[in-house]
A.B. asks: 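Please find one structure pasted underneath; my questions will follow.
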Amino acid sequence: MPRQTAISRQMVTFAVVGAVNTAVYYGLYLLFLHWLPYLGAHVLAFALSMVGSFFLNARFTYRTRPTWRKFLLFPLTNATNFLVTTAGVYVIVDVLHAGNRFAPLLASAAAIPVTFVVSRRIMLPRGRDVRDRPRMPA
C-alpha cells in the first residue's frame, strides 16, 4: 500500500474511532450520572473512553501492538486536542468574531490533523511505517 494511501486510511479510521469514542464517553457519562455527581461522571467516563480509544486506535487505526509505553504516552493526544481546540475557539470567537455557538465544533475539526500526528508518533515506533507491518485480521 502506498504511504499516502496508508496515511489517508489512518486519518479516516482515526476520525471514526474519535466519533465512536465520543459516543462511548457520552453514553458512559449519562450512565454514571445515576450514581455520581456530574464532575465525577465526566472524569470516569473520560478516563474509560480514553482507554477504549487507545486500544481501538492501536488495533484499527495504526495496526500496532499496544504497549505500556504507548498507553502511558497516549493521554498526550488528549492534551494536544485540548490545547488546539481551546486556541481555535479563542481565535474563532475573539479574533474572527464568528460567534461562540459552533466554535467548538469548528475548532475540534481543525484539531483532528494535529491530534492525528501526535497520536501517530506515539503509536508507531520510529523508523517503522505502516507498510512494514503485516495487516491484522479484521
A.B. asks: To the nearest 0.5 Å, what is the distance between CD1 on Ile122 and CG on Leu76?
C.D. replies: 4.5 Å
A.B. asks: Of all the heavy-atom pairs spanning Arg65 and Lys70, show the shortest one and how long it is.
C.D. replies: O-NZ, 2.8 Å
A.B. asks: Can you name the ring-ring contact (aromatic ring centres under 6.0 Å, His included) partners of Phe71, sequence neighbours left out?
C.D. replies: Phe54, Trp68
A.B. asks: For the residue pair Trp35 and Leu31, what are the closest heavy atoms and their distance?
C.D. replies: CZ3-O, 3.1 Å
A.B. asks: Which atoms form the tightest heavy-atom contact between Ala107 and Thr85, and what is the distance?
C.D. replies: CB-O, 3.5 Å
A.B. asks: Can you say whether the rings of Tyr62 and Phe14 are parallel (under 30°), tilted (30 to 60°) or perpendicular (over 60°)?
C.D. replies: tilted
A.B. asks: Using a side-chain heavy atom cutoff under 4.5 Å and only I, L, V, M, F, W and Y, what cluster partners does Ile92 have?
C.D. replies: Leu106
A.B. asks: Could you give me the CA-CA distance, side-chain angles and deciding distance for Met123 and Thr77, then say whether side-chain contact (heavy atoms from CB on, under 4.5 Å) is met?
C.D. replies: CA-CA 10 Å; Met123 299 299 280; Thr77 64; over 6 Å; no
A.B. asks: Over all heavy atoms of both residues, which pair between Arg120 and Ile7 is shortest? Give the atoms and the distance, please.
C.D. replies: NH2-CG1, 3.6 Å
A.B. asks: According to ring-ring contact (aromatic ring centres under 6.0 Å, His included), who are the partners of Phe32, at least two apart in sequence or on a separate chain?
C.D. replies: none
A.B. asks: Clusters formed by hydrophobic residues whose side-chain heavy atoms approach within less than 4.5 Å: which one holds Leu96, and what are its other members?
C.D. replies: Tyr90, Val91, Val95
A.B. asks: Val114: which other cluster members, linking ILVMFWY side chains closer than 4.5 Å, directly or transitively?
C.D. replies: Val84
A.B. asks: Is the side chain of Thr86 donor-acceptor paired with the backbone N or O of Leu83 at a distance under 3.5 Å, no angle test?
C.D. replies: no
A.B. asks: Any side-chain to backbone donor/acceptor pair from Ser108 onto Pro104? Under 3.5 Å, distance only.
C.D. replies: yes
A.B. asks: Mind checking whether Arg63 and Thr13 have side chains closer than 4.5 Å, heavy atoms only?
C.D. replies: no
A.B. asks: Check step by step if side-chain contact (heavy atoms from CB on, under 4.5 Å) holds for Tyr38 and Tyr29.
C.D. replies: CA-CA 8 Å; Tyr38 78 92; Tyr29 173 76; 3.6 Å; yes
A.B. asks: Set out, in order, the CA-CA distance, both residues' side-chain angles and the distance that settles side-chain contact (heavy atoms from CB on, under 4.5 Å) for Met50 and Asn78, then state yes or no.
C.D. replies: CA-CA 8 Å; Met50 186 172 26; Asn78 287 306; 2.6 Å; yes
A.B. asks: With clusters built from Ile, Leu, Val, Met, Phe, Trp and Tyr whose side-chain heavy atoms come within less than 4.5 Å, directly or transitively, what are the remaining members of the cluster of Leu105, listed by chain and number?
C.D. replies: Phe102
